[in-house]
Amino acid sequence: MNFGGGLNRFIATSCRHHFSHHLRSDFSSLHFLYCYFTTATDLIRLPTAHLSELEDIVPNLPGAFEKGIIIEKFKTCSNLRQLESIYAFMVKNSYNQDCFMINQFASACSTFSQTDYAIQALTQMNDPNIFVYNAVIRACVSCFAPIQSLQIYLRMLRAQISPSSYTFPSIIKSCALISQLRIGEAINAQIWKFGFKSHVFVQTSLIDFYSSFSKIFESRQVFDEMIKRDAFVWTSMISVHAKSGNMVSAHKLFDEMPEPERTFATWNSLIDGYARIKDIKSAEFLFNNMPSKDLISWTTMINSYSQNKLYQESLSTFNQMTKQGITPDEITMATVISACAHLGTLDIGKKIHLYIAKNRFNLDVYIGSALIDMYAKCGNLDQSLLVFYKLPEKNLFCWNSIIEGLASHGYAKESLKMFTQMKKEYIKPNGITFISVLTACTHGGLVKEGRMYFQSMIQDFLIPRGIEHYGCMVDLLCKAGMLEDAMELIKGMELEPNGVIWGAVLNGCRIQKNLDLGRVAVEKLMVLEPDNSGYYSLFVKMLAEENRWSEVARIRSSMKEFRVEKKSPGSSWIEIEGKSHQFSASDKYHECSKEIYLLLDRLYGKQLLDACVFEYDEYISFL
DNA sequence: CTAGGGTTAG
C-alpha cells in the first residue's frame, strides 16, 4: 500500500523505531494506521505538507461532519485510540484550528491523563483564544502537571491574551501543588491587576491556596475583603478554620452565615471539624440536628466515630444509613472496612467486600489497603494477600498494610521480601513502613537485618527516626538478649526515651533475669507512666522469681500508697453470628456457657500433657 | 472554573 512519498517515509521510520513487530501485520486495515500514529503528537508533528496526504488514509467518521457529533464523540470515547482517531479526523478536516473543538479535545485529553496531546494541539493552533488556553491549563492541573499549566499561562500572556476568571482557579491550584507560596502571591497580584478582586470563584481558590500553606490569617484576609460571598466561599472559610482545629472561629462563621445559604457541605465541614478535635458530642449534635443529610454527611459521621475510636458506633451509623435507603460509595466503604478491621468483625468485613464486588465498585487504593488490613487483622492472611495481588493499582498504603500484615503474623522473611519488592516498584517507604519492617525483624529475631534497615531508613530514604523506631529497635535488641547494645542505643538517642522504650528494656531484663537494669527501667517508668501498673506487676514477678520477697512487699505497698490502679486486662473479641463476645485471660464472664471453660480446662490439660503446640487438625479432632 | 467525606502504625 502506498501512502505517498513523504508519508511513506514517515511511517517507515515510525515503524522502525516503535512498531517493527507490527510490520508483518495486515497493511490494508485502516485501523492499523492508528498504530503508526500512536500518539496525537505524531500526527501533529507531521509536516504540514503531508497533511493533504491524510485525505486518503484517515477514514471519515460516520456522520461526523457536524461539529456537534464530534464533540459528542469526545464525550463518549472510551480509550486513547478512539481519542486519537477523532483527532486525526479533525486534522484532516482542519477542525484542529477550531477553538471550541480544541477546547473540548483538551478536556477529553485530561480524562486520559494525556496533557501532552492537549499542549501539542494548542501549539498547532494559529490563533488560540482564551477558552483554549483555559481548557489546556485546566487539563494540566487535573493531570497533576502544574509546571506545564504555569508554562501555558506564561505563553498565553506572551501572546497578549488576557486571563479570565476561569484561568485563575487552575493557576492558583498549580502554585499550591508545587508548594510555591511566592508564585501564588505574584498570581494574587495579577488577579488584582486583571480585576478579579471580588470574583467569588477566584477568591475561593485563593482561600484554599493560603490555607494549604497554613496561612490561615491570609486566608481569612481574602475572605474578609470580599464584598459578595456565596455558599462556596463561606463553606471554604469554615472548612479552613475547622481543618486547622479552630472550631470557635469555624462555628462563629457558621452562625454569621445567612441560614438559607448553608448547604450540606457547610454542615459537613463543621461536623468533620468537631470530630478532628475529638469533640464527638458536638459532631453528633450537629449531625442529629441538621435539616437533612446527604451521603457525605453520613460518611463524615461514620468517619467521625472511627477517628474517635468509636468503631461500634461507626458501624451502627452505617447500618442506619443503609436502612434509610442511602447507597454508600467507595469512600463510605473504605471507612467502614477500616472500622471492621479495628473491631475484628470479619463477618461484616466479608459482607462489605462481597457488596463491593457485586456492585462493581472501583477497587481503589483506599478500599484495597483497608481490605488488606482488615483481613490481616481478622486473622485471614490468605485473603489479605489475595486482595493485595488482585489490586490493579498499589500505593504506599497498600504496601504498608501487607508488610504489616505479614510481620504481625510472624512471617518475618516474607514481610521483608515484600519490602524489597516495594522498593523495586519505586514506591518510596515512609516512617510507618519502617515500623512494620523493624517489627518483622523483631519477630524473626533478625538483629543484623534490623540494624541494617534502621540505618537504611535515614541513609537511603532520609526518613527521620521517630521515638517509635527507637522503640522497635530497642525491643528487637532486648528480645534478642542484647541488653548492652540496647542501652547503648538509648544513650545515643537524640530523643528523650519514653515508656515504650523502658518497657521494652524491662521486658528484656525479665528474659535475661537482669534485676539491676530492670530496677533502673522501673524507676524510669515510675516517672514516665506512674499510672501504668503493668510494669510494676512485671517487675514484681521478676523479683518473686528470684525470691526477693522483701522488695516485692515494698513495691506493693508503694503502689498502694500512690494509688496505682490495677490495669484492666487486655482482651479479645470474637464475633459469632453477628454477636460480639469479649474474652480476656482467665476471665469468668461467660458463665452462661460452661462448655467454654470445660473445653479450656481440657485443652490446658492436654497442652500440659504433651507440652506442644496444637496442630489445627489435632485441635479439630479434639473438639 | 470555586466548597464538604476515605486507606496503613502508635
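Throughout, protein chains are lettered first and strands after them, A, B, ... in sequence-line order, and every chain is numbered starting at 1.
Nearest to the side chain of A/Ala265, among B/dT8, B/dA3, B/dG6, sits B/dA3. Considering only the side chain of A/Asp272, B/dG5 comes nearest among B/dT2, B/dG5, B/dC1. Checked against B/dG6, B/dG4, B/dA3, the side chain of A/Glu330 finds its nearest nucleotide in B/dG6. Residue A/Ile331 places its side chain closer to B/dG5 than to any other of B/dG4, B/dG5, B/dC1. Side-chain proximity of A/Asp208 to B/dA3, B/dT8, B/dC1: nearest is B/dA3. Nearest to the side chain of A/Ser338, among B/dC1, B/dG4, B/dT7, sits B/dT7. The side chain of A/Asn430 lies closest to B/dT8, out of B/dA3, B/dG6, B/dT8. Of the listed nucleotides (B/dA3, B/dT8, B/dA9), B/dA3 has the atom at the smallest distance from the side chain of A/Thr235. Taking only side-chain atoms of A/Ile435, from C-beta outward, the nucleotide of B/dT2, B/dA9, B/dG4 with the closest atom is B/dA9. Nearest nucleotide to the side chain of A/Arg138, out of B/dC1, B/dG6, B/dT8: B/dC1.
The residue A/Thr300 sits close only to the backbone: its heavy atoms come under 4.0 Å of sugar-phosphate atoms, none of a base. No contact: A/Thr433 has no heavy atom under 4.0 Å from any strand. The residue A/Gln203 sits apart from the nucleic acid: no heavy atom pair falls under 4.0 Å. Using a 4.0 Å heavy-atom cutoff across all strands shown, A/Ile367 reaches at least one base atom of the nucleic acid. Across all strands shown, A/Ser170 has no heavy atoms under 4.0 Å from either base or sugar-phosphate atoms. Using a 4.0 Å heavy-atom criterion, one finds that A/Thr204 contacts the bases of the nucleic acid, with or without backbone contacts as well. Within the nucleic acid shown, A/Ser205 has no heavy atom closer than 4.0 Å to any nucleic acid atom. Among the atoms of the strands shown, none is found under 4.0 Å from any heavy atom of A/Leu270. Heavy atoms of A/Lys243 sit under 4.0 angstrom from primed sugar atoms or phosphate atoms, though from no base atom. Within the 4.0 angstrom heavy-atom criterion, base atoms lie near A/Thr332. Across all strands shown, A/Asp294 has heavy atoms under 4.0 Å from base atoms, whether or not it also approaches the sugar-phosphate.
Within the 4.0 Å cut-off from OP1 or OP2 of B/dA9, at least one side-chain nitrogen or oxygen of A/Lys377 is found. Distances shorter than 4.0 Å separate some side-chain N or O of A/His342 from OP1 or OP2 on B/dT8. OP1 and OP2 of B/dG5 both lie 4.0 Å or more from every side-chain N or O belonging to A/Asn268. Remark: A/Asn303 is in phosphate contact with B/dT7, judged by side-chain N or O atoms under 4.0 Å from OP1 or OP2.
Judged by the 6.0 Å and 45° rule, A/Arg465 forms a cation-pi pair with A/Phe454.
One atom, CG of A/Leu438, and another, P of B/dG10, lie 12 Å apart when rounded to the nearest Å. Atoms CD1 (A/Ile191) and P (B/dT2) sit 14 Å apart, rounded to a whole Å. One atom, CZ of A/Phe168, and another, P of B/dT2, lie 16 Å apart when rounded to the nearest Å. The nearest whole Å value for the distance from the OH atom in A/Tyr166 to the C1' atom in B/dC1 is 6 Å. Between the NZ atom of A/Lys173 and the P atom of B/dA3 there is a distance of 6 Å, given to the nearest Å. Distance A/Ile427 CD1 to B/dT7 C1': 14 Å, rounded to the nearest Å. The CG-P distance, from A/Asn395 to B/dT7, rounds to 12 Å in whole Å. Put simply, CD1 on A/Ile467 is 15 Å from P on B/dG10, counting in whole angstrom units.
One can find a donor-acceptor pair under 3.5 Å joining the base of B/dT7 and the side-chain atoms of A/Ser369. With hydrogens and angles ignored, no donor-acceptor pair under 3.5 angstrom links the side chain of A/Asp329 to the base of B/dG6. For A/Thr299 and B/dG5, a side-chain-to-base donor-acceptor distance below 3.5 Å is present, hydrogens and geometry of angles not being considered.
Both stacking criteria are satisfied for A/Tyr366 over the base of B/dG6: a centre-to-centre distance under 5.5 angstrom and an angle between ring planes under 30 degrees. Here A/Phe397 does not pack flat against the base of B/dT8, since the 5.5 angstrom centre distance and 30 degree tilt limits are not both met.
Residue pairs meeting the salt bridge (charged side-chain N to carboxylate O under 4.0 Å, His left out) criterion with at least one member in residues 360-388 of chain A, sequence neighbours excluded: A/Asp373-A/Lys377.
Here the CD1 atom belonging to A/Ile501 is positioned 12.0 Å from the CE atom belonging to A/Met473, to the nearest 0.5 angstrom.
Side-chain contact annotation: A/Thr433 with A/Asn430, donor-acceptor N/O pair under 3.5 Å present. Side-chain contact, A/Glu425 with A/Gln421: a donor N or O sits under 3.5 Å from an acceptor N or O. Using a 3.5 Å distance cut-off with no hydrogens or angles, the side chains of A/Asn319 and A/Ser316 do not pair a donor with an acceptor.
Taking the ring pair (Phe, Tyr, Trp, His ring centres under 6.0 Å) definition, one finds that A/Tyr535 meets it with nothing, sequence neighbours left out.
Scanning both residues, A/Leu295 and A/Thr327, for their nearest heavy atoms gives CD1-O, 3.6 Å.
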